[in-house]
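Every chain is numbered from 1 and lettered A, B, ... according to where its sequence line falls, protein lines coming before strand lines.
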Amino acid sequence: MSSSSLSSSLHCFPPPSLTFQNLKNNDRLIHNFNTPLELKQLHARLIKTNTPLSILPLTKVAFVCALSPSFSYAHQIFSHMPNKNVRSWTSMISGFVQCGKPKEAIDLFMKLEDEAVRPNEVTVVSVLAACADLGDLDLGRSVHEYSTKSGFERNVHVCNTLIDMYVKCGCLENARRVFYEMEERTVVSWSAMIAGLAMHGQAEEALCLFSEMIKLGVKPNGVTFIGLLHACSHMGLIDEGRRFFASMTADYGVIPQIEHYGCVVDLFSRAGLLEEAREFILNMPIKPNGVVWGALLGGCKVHKNIDLAEEAIKHLSELDPLNDGYYVVISNIYAEAERWEDAARVRKLMKDRGVKKTSGWSSITVNGVVHEFVAGDQTHPQAEDICKIWDKLLVKMKRRGYAPKTSVVLLDVEEKEKEKFLYRHSEKLAVVFGLMTTPEGTPIRIMKNLRVCEDCHAALKIISGMTSREIIVRDRNRFHCFRDGQCSCRDFW
DNA sequence: CGTCCGCTCG
């Protein structure tokens, strides 16, 4: 459909003849069509027959399309929609967030500010979710201020999303404050806070919060238990994890889903109970997915079990053949055992299957500008300075007992070469840049798309002590907060 | 009603 036909049919919209009944009928009509394709065809048909559409069904079209690859179609409808109101804007923003485009959601939110449309509670929820995804603390904070001024903090959805936003931006303290100051808390609020504490390695507090919630008579749901199990697996609380898994069905009637099985496999695998994890998978009442085998594979890497890793990868290459992460891990397991030929074989398999390795990056925001670094990066305008400062820092670090852990460099090269690779890891570059460009004593916040490497973990601990800086790193799925030479994860992760 | 919390891997 061309955009001109779309815009012309919507031009005099809503037409004067449109009755309430017509609106109702169209609404019902749209509700019977739920796949994006069906809606698209219906839309075309309505336009051909000159049937007027109401704003409401249009937003429904936009919303459903937003959940699918035909998102551009929704955007097209949106841009031709006359008299856009706060609901049409919000549909679009939330659509962007839900299909994993938080940047676009924020761009749209910025445009909204130029229009005479005031964001409401639902808009705020959507844009805060985008901030959470991106770790955009600055915007998150200003949307929080706006919410306070507008009286939106009485809305439980807004507060729940604020908790999640602060958690994912690394401000656990602010998340706690929102949580404790809320007037009423739902199971979502408790679950968000528990999951947040889990993400920050505060398992004991997460477990306490759960007891508190039960005491107050709040009924936990499946998501609550994911948070709890997550907390247990990331802190090595095996027995507690086992108990929660048993009790979720026995005491609370919550049937475990694939995600819960994933958590338990992760719990066992991380702790080194690989055989038990394997047995657990083989006895699961539902078909294990890639995440479940992936959790076992992760444990095999940490605890160096090649045989089990090979069993896991056999399943993974069928269940999730296009996910580069698994190939990288198995290849690294081989490399660590100096089985270079096997490692090369996996890399070739990746290539044959057209799977591309995601390269690691770290980013830091300074004065509203996002600076992104990849390993070995020399393209940053201040790359030279970063290296100089690092070299100075390194001398002092070594005096404080930092020993480069060259074993994490899985390349068949000399020791000195390995050190060079190590010193150009993206998180180190980002932290040094943060030290150079932000005022003394202020926290340094880093985002990373992959996991922190062991050497960087050790290095950042020492740097935090040396410079009296708090360094907060958001990993792919959790936080490391370095302070006074220690990490919040207590080195179990 | 267009809204919130969610398992693995480098």
Backbone of A:His234 reached by a side-chain donor or acceptor of A:Arg270 within 3.5 Å:
no
Can you tell me if A:Glu259 uses its side chain to pair, donor with acceptor, with the backbone of A:Gln257 under 3.5 Å?
no
From [options], nucleotide with atom closest to [X] side chain:
| X | options | value |
| --- | --- | --- |
| A:Ile226 | B:dG6, B:dG10, B:dC5 | B:dG6 |
| A:Val329 | B:dC9, B:dG6, B:dT8 | B:dC9 |
| A:Val122 | B:dC7, B:dC4, B:dT3 | B:dT3 |
| A:Asn160 | B:dC4, B:dC7, B:dG10 | B:dC4 |
| A:Asn221 | B:dT8, B:dC5, B:dG2 | B:dC5 |
| A:Tyr326 | B:dG2, B:dG6, B:dC9 | B:dC9 |
| A:Arg87 | B:dC7, B:dG2, B:dC5 | B:dG2 |

Parallel, tilted or perpendicular: rings of A:Phe482 and A:His480 (30°, 60°)
parallel
What I want to find out is whether A:Glu205 reaches A:Arg176 closely enough, with some N-O distance under 4.0 Å, to be called a salt bridge.
yes
Can you tell whether the side chains of A:Asp107 and A:Lys103 come within less than 4.0 Å, N to carboxylate O?
no
Provide, to the nearest angstrom, the distance between the [atom1] atom belonging to [X] and the [atom2] atom belonging to [N].
| X | N | atom1 | atom2 | answer |
| --- | --- | --- | --- | --- |
| A:Glu121 | B:dT3 | CD | C1' | 10 Å |
| A:Asn289 | B:dC9 | CG | C1' | 13 Å |
| A:Ile286 | B:dC7 | CD1 | P | 15 Å |
| A:Glu427 | B:dG10 | CD | P | 12 Å |
| A:Arg478 | B:dC9 | CZ | P | 10 Å |
| A:Phe210 | B:dC5 | CZ | C1' | 15 Å |
| A:Ile281 | B:dC7 | CD1 | P | 17 Å |
| A:Arg185 | B:dC4 | CZ | C1' | 15 Å |

If the cut-off is 4.0 Å, is [X] near the phosphate of [N], judged by side-chain N/O to OP1 or OP2?
| X | N | answer |
| --- | --- | --- |
| A:Arg270 | B:dT8 | yes |
| A:Gln98 | B:dT3 | yes |
| A:Asn477 | B:dC7 | no |
| A:Arg451 | B:dG10 | yes |
| A:His425 | B:dG10 | no |

Could you check whether [X] gets within reach of a base, just the sugar-phosphate, or nothing at all, counting any heavy atom under 4.0 Å?
| X | result |
| --- | --- |
| A:Thr123 | base |
| A:His230 | sugar-phosphate |
| A:Lys448 | nothing |
| A:Leu450 | base |
| A:Val125 | base |
| A:Gly298 | sugar-phosphate |
| A:Asn120 | base |
| A:Ile258 | base |
| A:Thr358 | base |

Can you tell me whether the side chain of A:Ser91 and the base of B:dG2 have a donor-acceptor pair closer than 3.5 Å?
no
Could you tell me whether the side chain of A:Asp324 has a donor or acceptor atom within less than 3.5 Å of a complementary atom in the base of B:dG10?
yes
Do A:Trp89 and A:Phe109 make the cut of ring centroids closer than 6.0 angstrom?
no
Indicate, with yes or no, if the rings of A:Phe225 and A:Phe245 have centres closer together than 6.0 Å.
no
